[in-house]
Asker: 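What follows is a structure written as structure tokens; I'll ask about it next.
Here is the naming used below: chain letters follow the sequence lines, and residue numbers restart at 1 for every chain.
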4 protein chains.
Amino acid sequence: MPRTGREPMRRRALIGATIAAIHEAGSLDVTVSQIARRAGVSSALAHHYFGAKDDLLLAAMRHLLAEFGRDAAGRLRAAPTPRARLSAVIAASFGAAQFRPETVSAWLAFYVRAQSAAPARRLLRVYARRLHATLVHALRPLAGPRAPRIAEGVAAMIDGLYLRQALGEAPPDAAAAAALVEEYLDLHLAGARA
Amino acid sequence: MPRTGREPMRRRALIGATIAAIHEAGSLDVTVSQIARRAGVSSALAHHYFGAKDDLLLAAMRHLLAEFGRDAAGRLRAAPTPRARLSAVIAASFGAAQFRPETVSAWLAFYVRAQSAAPARRLLRVYARRLHATLVHALRPLAGPRAPRIAEGVAAMIDGLYLRQALGEAPPDAAAAAALVEEYLDLHLAGARA
Amino acid sequence: MPRTGREPMRRRALIGATIAAIHEAGSLDVTVSQIARRAGVSSALAHHYFGAKDDLLLAAMRHLLAEFGRDAAGRLRAAPTPRARLSAVIAASFGAAQFRPETVSAWLAFYVRAQSAAPARRLLRVYARRLHATLVHALRPLAGPRAPRIAEGVAAMIDGLYLRQALGEAPPDAAAAAALVEEYLDLHLAGARA
Amino acid sequence: MPRTGREPMRRRALIGATIAAIHEAGSLDVTVSQIARRAGVSSALAHHYFGAKDDLLLAAMRHLLAEFGRDAAGRLRAAPTPRARLSAVIAASFGAAQFRPETVSAWLAFYVRAQSAAPARRLLRVYARRLHATLVHALRPLAGPRAPRIAEGVAAMIDGLYLRQALGEAPPDAAAAAALVEEYLDLHLAGARA
DNA sequence: AATGAATGAGTTTTCATTCAT
DNA sequence: GATGAATGAAAACTCATTCAT
């Protein structure tokens with residue numbers, strides 16, 4: 001039986017609390033104390049584990065990215081065709097784990113942060129490039145030279161739907177969002193085949 | 001000759017400084033003093049004219065929205081057909097005034113703010129609904145019942161391209177962005193006609 | 001016909017506004033702008049006429065003191081006997097002009113101010129001494145060597161009734177207050193005669 | 001041995017510093033920084049323990065009130081007769097702890113504050129009512145229906161003596177002040193018996 | 001005479017961060 | 001490992017006061 005260890009437990013709790021707090025505040029203007037209280041520890045402990053506040057935020061961001069990455073990877077492994085791989089990416093983007101209001105808020109906040117904080121920017125770029133590469137790779141056999149272009153469109157649309165979701169008064173409709181992107185793809189690929 | 005009036009001058013200067021400062025900081029975490037200094041006045045004067053910081057931010061937001069509104073309205077007046085009206089909206093979105101890094105940064109920052117500040121949210125919603133109405137109205141004769149759906153896709157894509165532009169290492173390529181949206185429309189409308 | 005002159009008019013308006021504002025705020029924490037607005041002029045004009053804020057406050061204080069002085073002097077002139085003179089002072093203290101909530105608030109605020117501002121303290125002392133002298137003078141033929149002591153008691157009781165009035169939830173009852181002091185005097189003077 | 005506990009220590013120090021600072025300033029226009037410096041801590045700590053400045057002021061007020069309450073209660077317990085109880089209240093009012101210039105200044109400042117700040121007003125009213133009830137209760141067997149009236153006179157005189165003491169150039173003479181009130185009582189009660 | 005414009009000097013309050021225990 | 005205690009630094013906001021017009 002692996003002793004779970006207090007530290008990893010605390011770290012997880014703090015990261016979860018960070019995301020929840022960001023969602024509740026709707027921005028990164030969240031105090032370390034708020035986060036710590038939510039995680040049931042002292043703010044000093046948050047510093048002890050993560051160093052500066054920025055590091056905690058980065059860790060939360062990394063957590064979100066990794067979660068998405070795992071989710072997407074799983075779906076990609078199960079996808080037999082290029083077209084299915086594209087759907088896998090879309091499904092992961094609008095999957096239950098990603099499209100929760102909580103996650104979307106945090107996501108958007110991190111995007112803004114990336115404009116001013118270099119480490120956050122680096123993180124997002126790695127993710128963006130990986131996503132782009134995956135899309136292009138899957139699109140290549142279906143759309144040839146238009147692949148990068150379509151990938152760009154797909155990525156933009158996904159991001160745009162997140163943005164609107166973050167703001168939206170309407171309840172999140174992951175299915176409708178996914179369908180919109182799928183349709184975009186279908187139009188492009190049908191046109192290609194024609 | 002109308003006396004220029006100092007107040008409108010100062011207000012304009014402060015709003016301009018606000019947008020510039022937001023861009024430079026990459027977020028709304030800008031102090032009133034920074035903004036005031038940039039406008040060449042004291043922070044007290046900024047408070048004198050705008051009240052609280054939030055009011056200044058809102059005024060800047062309103063300014064951006066109004067600018068876009070005027071730009072779009074001008075282009076729409078010159079558009080003879082529904083399809084041209086759609087292009088007018090897209091052109092306004094990616095026009096020189098709107099797609100400057102400066103404006104895009106501020107835009108995104110305001111989106112985040114709208115998550116927590118009700119007045120900002122109201123402002124963005126008004127803009128979003130107006131845009132949506134314009135798009136649907138122009139799409140109706142071309143796409144019938146699919147109009148709302150396509151409008152949603154167009155709006156999402158535009159927002160997504162802004163988001164990516166805000167983050168992007170690449171220099172802004174308004175033409176490419178606009179082309180992507182135009183193409184999206186063409187695909188939908190071609191399919192419709194077919 | 002005496003041209004009233006703008007200046008005296010403005011000064012009066014400002015002093016009245018000062019007292020009203022102090023009453024409304026319940027303390028001297030009133031801004032010059034508030035006072036000026038209430039008087040219908042700019043704050044700059046208040047400074048123009050009175051110099052610093054302290055000077056305006058002092059002028060308002062002086063106004064209150066002078067008003068009380070005039071009121072008391074009038075009543076004293078009409079008082080035929082020492083006992084009547086004592087009643088005159090009491091009547092002036094609780095007269096309509098003095099015992100208004102407005103005046104009482106200001107009065108108390110000035111008492112506090114006198115603790116830290118020398119000019120205000122000097123002003124109040126002059127008034128206190130004059131009042132004391134008047135009381136002693138009237139008491140001497142009635143109470144002999146006990147005059148200063150009784151004067152002290154009367155003055156304290158008047159001040160105390162003001163204090164309680166300033167705080168009181170009950171509506172001001174000038175008659176009851178005056179009666180309490182009169183009774184105090186009667187007891188002393190009856191005892192003296194006995 | 002109970003660990004002294006830093007928090008209670010700091011709270012006490014801050015409250016003491018508040019009262020001292022109010023006395024020195026002669027009003028509540030005292031900055032949190034001044035108070036904190038006097039207590040030997042940072043202003044941030046004052047906020048940490050008391051929240052807003054108002055809360056610190058209220059705590060100081062409550063401290064004064066409680067101190068007086070304890071003092072009076074002790075003396076009342078030792079008073080065998082109604083008349084002795086009245087003297088106990090007077091003695092407590094002018095006792096060494098209460099009639100210090102420091103305390104009197106603060107007292108007066110709080111009275112003014114009560115005019116504009118509801119919580120302060122509530123606090124003072126509780127104290128005023130309790131005092132009134134005590135006086136009336138002790139006076140009832142001695143003065144019958146005149147008890148409330150005399151109680152009012154006693155309370156007013158005490159407050160008035162505080163007021164004059166706050167302003168006074170003369171050194172505080174607690175004995176003389178107390179004697180004045182005692183005499184007032186004696187006159188009333190002698191008259192009653194007669 | 002009168003004012004709008006403008007600001008410097010402060011004041012409260014918040015918060016990330018450190019440190020002794 | 002964990003925390004309460006403590007603070008320096010900063011930020012929003014206020015206000016008396018000055019000055020050009």
Asker: With sequence neighbours excluded, what pairs up with C:A36 under the side-chain contact (heavy atoms from CB on, under 4.5 Å) test?
Answerer: C:V41, C:S43
Asker: Going by number, which of residues 48-59 of chain D have a non-hydrogen atom under 4.0 Å from DNA chain E?
Answerer: D:A52, D:K53
Asker: Who are the side chain to side chain donor-acceptor pair (under 3.5 Å) partners of A:Q34, not counting sequence neighbours?
Answerer: none
Asker: Between which nucleotides of DNA chain E, read 5' to 3', does contact with chain A run, using atoms under 4.0 Å from its heavy atoms?
Answerer: E:dC15 to E:dC19
Asker: Under 4.0 Å from any atom of DNA chain F, heavy atoms only: list the residues of residues 27-43 of chain B that qualify, in numerical order.
Answerer: B:V30, B:T31, B:V32
Asker: How close do A:V30 and A:S27 get, heavy atom to heavy atom, and via which atoms?
Answerer: CG2-O, 3.4 Å
Asker: Could you state the CG-P distance from A:L45 to F:dA2, rounded to the nearest angstrom?
Answerer: 5 Å
Asker: Scan for ring pair (Phe, Tyr, Trp, His ring centres under 6.0 Å) pairs involving residues 49-68 of chain A, sequence neighbours excluded, and state none if there are none.
Answerer: A:F68-A:Y127
Asker: Among residues at least two apart in sequence or on other chains, which ones pass side chain to side chain donor-acceptor pair (under 3.5 Å) with A:E24?
Answerer: A:R38
Asker: Mind checking side chain to side chain donor-acceptor pair (under 3.5 Å) for D:H23 and listing every partner two or more places apart, or none if nothing turns up?
Answerer: D:S105
Asker: Which pairs of donor and acceptor atoms, one on a side chain in residues 107-114 of chain D, lie under 3.5 Å apart (sequence neighbours left out)?
Answerer:
residue: D:Y111; atom: OH; partner: D:D159; partner atom: OD2; Å: 3.1
residue: D:R113; atom: NH2; partner: D:D54; partner atom: OD1; Å: 3.0
residue: D:R113; atom: NH2; partner: D:D54; partner atom: OD2; Å: 3.0

Asker: Reading DNA chain E 5' to 3', how would its secondary structure be written in dot-bracket notation, given Watson-Crick and G-U pairs with both distances under 3.5 Å, brackets [ ] for crossing pairs and | for partners on other strands?
Answerer: .||||||||||||||||||||
Asker: Can you sort out the partners of A:R100 under side chain to side chain donor-acceptor pair (under 3.5 Å), two or more places apart, ordered by chain and number?
Answerer: A:T103
Asker: With a 4.0 Å heavy-atom cut-off, tell me which residues in residues 19-26 of chain A come close to DNA chain F, sorted by residue number.
Answerer: none
